[in-house]
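Below is one structure, written out as structure tokens; comments come after it.
Letters go in sequence order (proteins before strands), and every chain restarts at 1.
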Amino acid sequence: MSKKPNKLKARLPRGFVDRSAADIRATDEMIARIKEVYERYGFDPVETPAFEYTDCLGKFLPDTDRPNAGVFSVQDDDEQWMSLRYDLTAPLARHVAENINEIQLPYRTYRAGWVFRNEKPGPGRFRQFMQFDADTVGAPGVQTDAEMCMMMADAMEALGLQRGQYVIRVNNRKVLDGVLDAIGLGGDENAERRLTVLRAIDKLDKFGTEGVRLLLGEGRKDESGDFTKGAELDAAAIDQIVGFVGGTAQIDNEGQAELDQMQAIFDACGYGADRVKIDPSVVRGLEYYTGPVYEAELLFDVTNEKGEVVQFGSVGGGGRYDGLVKRFTGRDVPATGFSIGVSRLMTALKNLGKLGQTEVVAPVLVTVMDGDAEALGRYQKMVQDLRGAGIRAEMYQGNWKKFGNQLKYADRRDCPIAIIQGSDERAAGELQIKDLIEGKRLSEEITDNVTWRESRPAQITVAENALVETVRKLLADQAEDRARSANAGAA
RNA sequence: GCAGACGUAGCUCAGUUGGUUAGAGCGUCGGAUUGUGGCUCCGAAGGUCGGUGGUUCGAAUCCACCCGUCUGUACCA
């Protein structure tokens, strides 16, 4: 009864996840489909590392020895602060600035990668997640922004979404600035209040018009009773903003002119409001966007594992960031681009049955009856023959002396077929091929274990040289059965 | 960050007004069955009762703080 020493507790850092085979395959599939679209638009990949010097990311070191909250930071051995990237845009700006003489502008590029945010995780919200970005650097015209929006729409459809299941919403930061000017919030002294107003507008789809009115005025109390202070605008200003954001009022300025130009391009290309739509309530990030902003929103209900409908909102977005490269080069390098939240979008797509369609069949298991070197060579040769024919296969690598465990392993691993050759079969130049799927079906009718074992359900004896051919045929039959029951299920 | 709810075995949960050695189901492992998956039966392992401190003769139970999870909200490049 000795007390155990303190065991090291295995634990995942909060906000991080281990990814399953199914998730990895689903992600790979998504990336492949999105990439195809970007390639077709003439974009090339580029990759930057996960770490950057903190100042290059646009974060500063306050008086303390800790960079801004929200980023994971460490000090290099020369005491310089480095941070894990929190998006793919700032690192791209660094890459372009650093290689500005070698890069042919306009530079059209894409990349997928993990980004990290040191903030409170929640369901569907992690501290490491994947983004898939595309950017055009060195292109000042809004035709570039328009192309980005259309490419984003194409990417959504490449992922299997239908028209009406998503929409790309487009706005222009200059338009919003004009509205803020009109209600007297122009000028540096009102910077803080302008932010509050923009944040309030951003909440339109979450809280509705009434919620936004509260946030523009006194403030709003949430369900737990916590109070959020508002922008404290007067009633006339609130009416003006709500009217504008709701689309009943317009403003005539450069931003609106840019939106009109973009709309003309969408019209010319046949991208109607069911794909790309001007929407005055889109705000996006407050820090570096300078002109058009756009985001992809899902329009269907997403239910989580508990069966609850969740507000899914935006699955990607971007905009024009004309100042980001200039920070390094001092020279104007206008750019526009967007990001797709791969991890988030995957949750929704799985839910919709648009992913994981291509099921992966587990390997054929060659069981081991005899463990001497010569026999193992024979078993492994069977496996290699199967592999040579393009069939996933493996030899049992556990303790071969417990034969029951080998089939149990095959069962739990969902192996479709097991190959068995003991000394009897070997002497006769034969082997047993067991259809584990058919066998499982038959087992439902057998309640007595002795019968179950001795009847050897769904098991056939074939000549050694018929291995590959028989397995191939069996797998094809099984695939056909699966397709048939999938169709029956869908009907 | 703020507000609230919650925290007992790998999972889902019991556990009486504070009272002996903290239980169940499922799962895991072993055996019945060392040449056949499932079913059935038998057996076993598995717990700092989230942590620390306090109140008490005595704490899973009461109190404080901390950690974590969930919900809402704030921030979000």
Side-chain angles (χ1 to χ4, degrees), chain A residues 1 3-7 9-15 57-59 68-71 83 85-91 93 115-123 125 127 131 195-196 199-200 202-203 206-207 211 215 219-229 283-289 304 306 308 310-311 314 317-319 321 324 339 365 367-370 399-415 417-426 432 434-459:
Chain A
M1 279 301 172
K3 252 194 141 174
K4 271 180 304 247
N6 289 344
K7 275 182 296 191
K9 183 163 183 186
R11 58 203 184 108
L12 192 60
R14 84 197 189 98
L57 289 178
K59 291 289 168 183
N68 286 14
V71 297
S83 298
R85 62 187 178 195
Y86 51 81
D87 70 9
L88 298 176
T89 309
V115 301
F116 304 83
R117 295 186 187 179
N118 188 3
E119 53 189 29
K120 181 184 148 186
R125 195 169 167 169
R127 290 155 96 195
Q131 292 192 330
L195 282 184
T196 310
R199 284 170 189 145
D202 201 28
K203 301 282 186 300
K206 199 167 181 183
F207 299 143
L215 285 171
R220 179 180 176 278
K221 202 188 279 187
D222 74 24
E223 284 169 37
S224 65
D226 197 31
F227 187 76
T228 306
K229 196 164 178 289
V283 176
R284 298 299 305 167
L286 305 165
E287 208 140 317
Y288 56 58
Y289 291 131
N304 62 16
K306 294 177 198 155
E308 300 159 343
V310 291
Q311 274 259 350
S314 150
Y321 49 97
L324 217 46
S339 175
L365 183 74
T367 60
V368 176
M369 283 280 190
D370 195 354
N399 177 8
W400 62 273
K401 289 180 180 169
K402 300 196 185 213
F403 188 73
N405 284 351
Q406 301 197 34
L407 288 183
K408 194 187 254 184
Y409 168 85
D411 190 43
R412 293 194 181 179
R413 202 160 163 16
D414 286 324
C415 290
I417 292 168
I419 310 298
I420 303 167
Q421 188 189 51
S423 51
D424 296 350
E425 289 87 358
R426 160 103 178 115
Q432 307 272 342
K434 192 175 181 72
D435 180 339
L436 294 169
I437 292 168
E438 177 67 1
K440 177 171 268 175
R441 207 179 57 72
L442 293 174
S443 80
E444 286 163 17
E445 294 148 23
I446 304 174
T447 53
D448 158 50
N449 187 250
V450 176
T451 311
W452 163 241
R453 298 177 83 193
E454 289 178 357
S455 69
R456 298 190 175 177
Q459 189 168 326

Over how many whole Å does the gap from [X] atom [atom1] to [N] atom [atom2] extend?
X: A:Trp452; N: B:rU33; atom1: CH2; atom2: P; answer: 18 Å
X: A:Glu119; N: B:rU73; atom1: CD; atom2: C1'; answer: 14 Å
X: A:Leu215; N: B:rG72; atom1: CG; atom2: C1'; answer: 14 Å
X: A:Arg125; N: B:rG72; atom1: CZ; atom2: P; answer: 12 Å

Go through the N and O atoms of the side chain of A:Lys434 and the base of B:rU36, and report whether any donor-acceptor pair is under 3.5 Å.
->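 Yes, the side chain and the base share a sub-3.5 Å donor-acceptor pair.
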Classify the side chain of A:Glu425 and the base of B:rG35 as holding, or not holding, a donor-acceptor pair under 3.5 Å.
->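 Result: at least one qualifying N/O pair found.
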Taking only N/O atoms, report every protein-nucleotides 2-6 of chain B pair under 3.5 Å with atom names and distance.
unit_1: B:rC2; atom_1: O2'; unit_2: A:Asp226; atom_2: OD1; d: 3.0
unit_1: B:rC2; atom_1: O2; unit_2: A:Asp226; atom_2: OD2; d: 2.8
unit_1: B:rA3; atom_1: O2'; unit_2: A:Ser224; atom_2: O; d: 3.1
unit_1: B:rA3; atom_1: N3; unit_2: A:Ser224; atom_2: OG; d: 3.2

Closest to the [X] side chain: [options]?
X: A:Arg199; options: B:rC76, B:rG37, B:rU69; result: B:rC76
X: A:Arg117; options: B:rC75, B:rC39, B:rC76; result: B:rC76
X: A:Met369; options: B:rA77, B:rG37, B:rG35; result: B:rG35

Nearest-Å distance once atom P is located in both B:rU69 and B:rC11 |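 After rounding to an integer number of Å, I get 14 Å for this pair.
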Just to confirm, is there a sub-4.0 Å distance from OP1 or OP2 of B:rU28 to any side-chain nitrogen or oxygen of A:Arg412?
->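 For A:Arg412, the contact criterion (side-chain N or O under 4.0 Å from OP1 or OP2 of B:rU28) is met.
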Do A:Glu438 and A:Leu442 come within less than 4.5 Å of each other through their side chains, counting heavy atoms only?
->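 In contact.
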Show me the donor-acceptor pairs within less than 3.5 Å that the side chains of residues 451-458 of chain A make with the rest of the protein, sequence neighbours left out.
unit_1: A:Thr451; atom_1: OG1; unit_2: A:Asp448; atom_2: OD2; d: 2.3
unit_1: A:Ser455; atom_1: OG; unit_2: A:Thr451; atom_2: O; d: 3.0

According to the Watson-Crick and G-U wobble definition with distances under 3.5 Å, which dot-bracket string, read 5' to 3', encodes RNA chain B, using [ ] for crossing pairs and | for pairs with another strand?
-> (((((((..((((.....[...)))).(((((.......))))).....(((((..]....))))))))))))....
